[in-house]
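Note sheet for the following structure.
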2 protein chains.
Amino acid sequence: MGNFLEIITHDNGQKQATEPCLEPCSIERGMRLLGGKWKGSILWHLKEHPVRFNDLARQIGGASKKMLSQRLQEMEEEGLVKREVVSDRPIAVTYEITEFGKSALGFLEELKNWVEKHQL
Amino acid sequence: MGNFLEIITHDNGQKQATEPCLEPCSIERGMRLLGGKWKGSILWHLKEHPVRFNDLARQIGGASKKMLSQRLQEMEEEGLVKREVVSDRPIAVTYEITEFGKSALGFLEELKNWVEKHQL
DNA sequence: TTAACTGGTTACCAAAAGTATACTGGTTGA
DNA sequence: TCAACCAGTATACTTTTGGTAACCAGTTAA
């Protein structure tokens, strides 16, 4: 019976974790990067080719434009996505997935498969 | 130049997505199941063996008891986790990962690796 | 007796997240 | 000229989330 739980008991009976996950561990941090509402979906929609803002909004019907532009800004700062002004006059902007963003696709695909396999 | 974006243009100029992701697609649904704050961490801490409530609370230092009990309830309803009353009198409860919960671990591990590989 | 433990619940509050609608300022096409 | 487009922003509102702290009813050990 080892000390599986990593909990020690002091002389006064007080208990303490030896390795408390004090602040967000890897999984938590990852979820906060990719787990935000719509972020996965956005990345997924960009995986083939750059997409323009309003086209993205049309494709992700459930999300408002405000949401989308917020998320896209965050994702640009996080390096997941790249914003590119293609032309002004008739202003045109595209959002493109970065190499870093692409590195997350495998994992998103696993999530997708998992969900579909279990019919969720 | 194919119709990559799945957007069609009506005669009056109005545009429409042919396959709008109207409501949460697989990735979105998956994220809502596993992406909740602390849910990944909880699952991860249960992966080796059942853990008692307060021990879990000590290990996941950043989360309050309230959060934990809320999340654990949700996760029980979702079938990710199983609650078991081990004894009353000195009431003892353990939370155990289910088979379904285990099926998500691979994907969490990939997330973990991804995060650590990129030093996030 | 006191203090720590068990597994929670409840009330209260603050902050964050999300929704809905309208609007900008210009362009394009019928 | 009218309507739809572009890429958002502004404003106001509601909902959800999360955190703190106290409390319950019992048990155990110093």
Side-chain angles (χ1 to χ4, degrees), chain A residues 5 7-17 22-24 28 31-32 35-42 46 50-76 81-96, chain B residues 5 7-17 22-24 28 31-32 35-39 41-42 46 50-77 81-96:
Chain A
L5 296 173
I7 302 283
I8 54 170
T9 306
H10 293 207
D11 291 347
N12 62 356
Q14 195 187 342
K15 296 191 180 178
Q16 193 183 359
L22 277 173
E23 267 319 301
E28 211 50 45
M31 280 301 186
R32 287 175 200 182
K37 212 172 177 182
W38 303 114
K39 281 171 111 174
S41 302
I42 291 174
L46 300 187
V51 180
R52 295 178 61 164
F53 181 81
N54 278 337
D55 288 339
L56 194 58
R58 265 186 290 268
Q59 287 177 42
I60 306 182
S64 67
K65 283 166 118 191
K66 185 189 162 194
M67 274 278 307
L68 233 41
S69 82
Q70 274 181 5
R71 285 285 113 76
L72 284 166
Q73 269 182 41
E74 288 171 27
M75 292 170 75
E76 203 193 349
V81 144
K82 197 175 158 219
R83 180 181 187 271
E84 209 149 357
V85 176
V86 170
S87 77
D88 39 67
R89 294 309 165 201
I91 181 163
V93 176
T94 61
Y95 289 90
E96 189 174 354
Chain B
L5 294 175
I7 302 281
I8 55 171
T9 305
H10 292 206
D11 292 347
N12 61 357
Q14 196 188 342
K15 296 192 180 177
Q16 193 182 0
L22 277 174
E23 268 317 303
E28 210 51 45
M31 280 300 186
R32 286 173 201 184
K37 211 172 177 183
W38 304 113
K39 280 170 112 172
S41 302
I42 290 173
L46 300 187
V51 179
R52 296 180 59 166
F53 181 80
N54 279 335
D55 288 339
L56 194 57
R58 266 185 290 267
Q59 286 177 42
I60 305 182
S64 67
K65 284 166 107 190
K66 181 191 160 193
M67 277 278 309
L68 233 40
S69 82
Q70 274 180 4
R71 286 286 111 78
L72 285 167
Q73 268 183 41
E74 288 172 28
M75 293 170 75
E76 203 195 349
E77 283 165 22
V81 142
K82 198 177 157 220
R83 179 179 187 271
E84 207 150 356
V85 176
V86 171
S87 75
D88 38 67
R89 294 310 164 199
I91 183 164
V93 176
T94 62
Y95 290 90
E96 190 174 352

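In what follows, every heavy atom counts, from backbone to side chain, and hydrogens, waters and symmetry copies are set aside. Chain A is the first sequence line, chain B the second, and so forth, proteins listed ahead of strands; every chain is numbered from 1. Only a predicted model underlies this, so the values are computations on that prediction, with no experimental measurement involved.
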Notebook entry, point to check: Between Arg83(A) and dA7(D), does any side-chain N or O lie under 4.0 Å from OP1 or OP2?
Noted result: no
Margin query: Pick the closest DNA chain D nucleotide for Asn12(B) and for Ser69(A) by heavy atoms, then say which residue is nearer the 5' end.
Written below: Asn12(B)
Item checked: Minimum-distance nucleotide (side-chain atoms of Val93(A) versus dC6(D), dG7(C), dG8(D)) -> dG8(D)
Item checked: Nucleotide dT10(C), atom P - distance to NZ of Lys66(B) in whole Å -> 11 Å
Next item on the list: Grab the NZ-C1' distance between Lys39(B) and dG18(D) for me, whole Å please.
Entry: 15 Å
Check: Could you give the CZ-to-P distance, from Arg32(A) to dT17(D), as a whole number of Å?
Finding: 15 Å
Notebook entry, point to check: In this structure, which one of Lys37(A), Arg32(A), Arg83(A), Lys39(A) forms a salt bridge (charged side-chain N to carboxylate O under 4.0 Å, His left out) with Glu74(A)?
Noted result: Lys39(A)
Check: To the nearest angstrom, how far is Lys65(B) atom NZ from dG19(D) atom P?
Finding: 15 Å
Checklist line | Distance test, side-chain N/O of Gln73(B) to OP1/OP2 of dT9(C), below 4.0 Å | finding: yes
Notebook entry, point to check: Which atom pair, heavy atoms only, marks the closest approach of Met31(A) to Gly35(B)?
Noted result: SD-CA, 3.7 Å
Notebook entry, point to check: Is there a donor-acceptor contact under 3.5 Å from the side chain of Glu28(B) to the main chain of Gly40(A)?
Noted result: no
Note to self: Please compare Pro90(A) and Lys37(A) by the position of their nearest nucleotide in DNA chain C and report the one closer to 5'.
What the structure shows: Lys37(A)
Margin query: Between C1' on dG18(C) and CG on Leu68(A), what's the gap in Å once rounded to a whole number?
Written below: 13 Å
Item checked: Atom pair distance, as rounded to whole Å: CG in Asn54(A) and P in dA4(D) -> 14 Å
Item checked: Heavy-atom pair of closest approach, residues Leu56(A) and Leu68(A) -> C-CD2, 4.0 Å
Check: Should Arg52(A) be listed as having a side-chain N or O under 4.0 Å from OP1 or OP2 of dA7(D)?
Finding: yes
Check: Does OP1 or OP2 of dG18(D) have a side-chain N or O of Arg71(B) closer than 4.0 Å?
Finding: yes
Item checked: Distance in angstrom units between Gln16(B) CD and dA4(D) P, rounded -> 14 Å
Notebook entry, point to check: Can you tell me how far C1' of dC5(D) sits from CD of Gln14(B), to the nearest Å?
Noted result: 11 Å
Next item on the list: Return the 5'-most residue of the pair Asp11(B), Ser64(A) with respect to DNA chain C, ranking by each residue's nearest nucleotide.
Entry: Ser64(A)
Next item on the list: Identify the two heavy atoms, one from Pro50(B) and one from Thr94(B), that lie closest to each other, and give their separation to 0.1 Å.
Entry: CB-CB, 4.0 Å
